[in-house]
Q: 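What follows is a single structure, and I will ask about it in a moment.
Just follow the structure's listing: the first ligand is 1, and inside any ligand the first atom is 1.
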Amino acid sequence: MAANKSLLILPGDGIGPEVMSQVRRVIDWMDKRRCVTFDVQDGLVGGICYDTHGVAVTDETMAIARTVDAILLGAVGGPKWSDVPRQHRPEAGLLRLRKDLDLFANLRPAVVFDALIDASTLKPEIVRGLDLLIVRELTSGVYFGEPRGIDTLPDGTERAFDTQIYTKPEIERIARVAFELAAKRNNKLASAEKSNVMESGAYWRRIVSAIAAQEYPDIEYTNILADNCAMQLVRDPKQFDVIVTDNLFGDLLSDEAAMLTGSIGMLPSASLGAVDPTSGRRHALYEPVHGTAPDIAGQDKANPLASLLSFAMMLTYSFDMAEDARLIEQSVQDVLASGLRTGDIMSPGHTLASTSQIGDALLAALDRRAA
Ligand code: NAD
């Protein structure tokens, strides 16, 4: 069968290569067992790329990143590179990918698996069946706004400042991504901002509300103040389906929502660019939320499920292969139901498993479900 999906795999540092090697096993399985083949290229990013090439990502890798259908990344960074000049720090590789490919929409699902319900610090009845998606604007807002800096007032008082800034097209494009996603899920979207105290918040509300009324009248749309959203997420998270918000509030709310699930080794993410009107394609990068976990790197202890669920997200959002994505997600549930656990999600009565044992169990579950 001819290769029909092109992927760039960037395992990165620390546990990145270990968890991505389990993803490779699933890719190989799909090549053999499903109606799809992947043309995979490998590359370096982060500290390992700095050690090899003196930069956190090379121009050659960036050129490949621009041509492939999707990018899968492990994680970057670690204490080994703490003294590397800022522009070459491992994170600079990830930031360049996000910036050069204009990956403005960050998707962070928070799903509570039944088998892991006790991992949440919230009561089971509050989180059972939780499945929400936070859509965070990733390339603008206060993290990038100018002017920014530290200066001194005429009376000698020092001050620091940043600028929260959003253009109309920036708000419109992230809103449309969120509405489209809501339309494919449960038709519910909440937009979070601080319209009560911020000009940019009031503007955000006005633009998103206009798109809701004009383009998506069938979606149940609500505005919510970001601080109330933070409270509602712990009070009654199941009231939400999709939440769209800016870069700063999205940073906080997506971490908060993630912790409703209680397990960092289980959390996938996607960062999407704009759809090219000619080709219909969009740049997309998929990665686990966790970092390089230097404390357990190289020991076959890392939980590979966040990376495998990121791969499933890729099937859904880049390739419209919802059935195959569901096969992987259900197989993840099978593995958890079998009682196997890596250290991060271990609890009494379960069996401690290595990274590769989880990979073995997942392939066995895929075999069973695809039989
Ligand atoms: P981390 O996510 O790497 O680790 C936090 C804790 O969770 C550690 O105890 C770790 O062992 C555990 N953990 C994380 N992922 C796990 C997994 N898959 N399986 C089992 N346990 C897991 O965060 P940190 O310790 O703050 O950061 C370590 C390094 O990773 C830093 O250099 C940081 O900059 C980098 N980092 C990178 C990314 C990224 O590449 N996107 C994200 C976060 C942190």
Q: Show the numbers, then the answer: is there a side-chain contact (heavy atoms from CB on, under 4.5 Å) between S347 and D118?
A: CA-CA 9 Å; S347 59; D118 292 331; 6.0 Å; no
Q: Would a line drawn from the ring center of W81 to the ring center of Y50 be shorter than 6.0 Å?
A: no
Q: Ignoring hydrogens, just give me the one of G343, G14, G291 whose non-hydrogen atom is nearest atom 36 (N) of ligand 1.
A: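 The option holding the nearest heavy atom is G291.
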Q: Look only at the side chain of T245 and the backbone of A192, and say whether a donor-acceptor pair between them is shorter than 3.5 Å.
A: yes
Q: If the cut-off is 4.0 Å to any non-hydrogen atom of A75, which atoms of ligand 1 fall inside it?
A: 40 (O)
Q: May I ask you to identify the nearest protein heavy atom to atom 7 (O) of ligand 1, giving residue, atom name and distance to one decimal place in Å?
A: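 Ranking protein heavy atoms by distance from atom 7 (O) of ligand 1, first comes I264 CG2, 3.7 Å.
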Q: Find all atoms of ligand 1 within a distance of less than 4.0 Å from any non-hydrogen atom belonging to G77, and give their numbers and elements.
A: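 This gives 32 (O) as the contact atoms.
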Q: Which of the numbered atoms in ligand 1 are below 4.0 angstrom from a heavy atom of E91?
A: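 Contacts of ligand 1 toward E91, numbered from 1: 34 (O).
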Q: So which heavy atom on M20 is nearest to which on I9, and how close?
A: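 Of all heavy-atom pairs spanning M20 and I9, the closest is CE-CG2, 3.8 Å.
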Q: Which of the atoms of ligand 1 are close to E287, meaning less than 4.0 Å from one of its heavy atoms?
A: 41 (N)
Q: Does the ring of F161 carry R148 above it, NZ/CZ under 6.0 angstrom from centre and within 45° of its axis?
A: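 Negative - R148 is either too far from the ring of F161 or too far off its axis.
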Q: Would V23 and L308 satisfy side-chain contact (heavy atoms from CB on, under 4.5 Å), going step by step from the backbone distance to the final call?
A: CA-CA 6 Å; V23 175; L308 289 157; 4.1 Å; yes
Q: Does D83 come within less than 4.0 Å of R89, counting only side-chain N to carboxylate O?
A: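 Judged by the 4.0 Å cut-off on N to carboxylate O distance, D83 and R89 do not form a salt bridge.
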Q: What about V76: any of its N or O atoms under 3.5 Å from an N or O on ligand 1?
A: yes
Q: So is G78 polar-close to ligand 1, meaning N/O to N/O under 3.5 Å?
A: yes
Q: Look at the side-chain heavy atoms of Ile, Leu, Val, Met, Phe, Trp and Tyr, link any pair under 4.5 Å apart, and say whether V208 and V242 land in one connected group.
A: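 Per the 4.5 Å side-chain linkage, V208 and V242 are co-clustered.
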Q: Is atom 3 (O) of ligand 1 close to the protein, meaning a heavy atom under 4.0 Å from it?
A: yes
Q: Any nitrogen or oxygen of A293, main chain or side chain, under 3.5 Å from a nitrogen or oxygen of ligand 1?
A: yes
Q: Give the residue and atom name of whichever protein heavy atom lies nearest to atom 9 (O) of ligand 1, and the separation in Å to one decimal.
A: D295 OD2, 3.0 Å
Q: What atoms of ligand 1 come within less than 4.0 Å of a heavy atom belonging to A302?
A: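 Checking each atom against A302, I get 19 (N).
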Q: Checking side-chain contact (heavy atoms from CB on, under 4.5 Å) against L103, which of N106, D100, L101 comes through?
A: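 Of all the options given, the one that passes is L101.
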Q: Please confirm whether T342 comes under 4.0 Å of ligand 1, counting heavy atoms of the residue only.
A: no
Q: Checking side chain to side chain donor-acceptor pair (under 3.5 Å) between Y286 and each of S269, S318, S307, which is the one that passes?
A: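 Filter result, single survivor: S318.
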Q: With a 3.5 Å distance limit and no angle check, can you tell me whether S82 reaches the backbone of G78 through a side-chain donor-acceptor pair?
A: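 No.
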Q: Determine whether the aromatic ring centres of Y221 and F179 lie less than 6.0 Å apart.
A: yes
Q: For I296, take its heavy atoms, then give the atoms of ligand 1 lying under 4.0 Å from any of them.
A: 11 (O), 20 (C), 21 (N)
Q: With a cut-off of 4.0 Å, which atoms of ligand 1 are near a heavy atom of P294?
A: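 Per the distance check, 28 (C).
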Q: Can you report which non-hydrogen protein atom sits closest to atom 29 (C) of ligand 1, along with the distance?
A: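 Checked against all protein heavy atoms, atom 29 (C) of ligand 1 sits closest to T292 OG1, 3.1 Å.
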Q: Do you see a protein non-hydrogen atom under 4.0 Å from atom 34 (O) of ligand 1?
A: yes
Q: Could you pull out, from N303, L94, I15, the option with a heavy atom nearest to atom 19 (N) of ligand 1?
A: N303
Q: Answer yes if a protein heavy atom lies under 4.0 Å from atom 25 (O) of ligand 1, otherwise answer no.
A: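 So atom 25 (O) of ligand 1 lacks protein heavy-atom neighbours under 4.0 Å.
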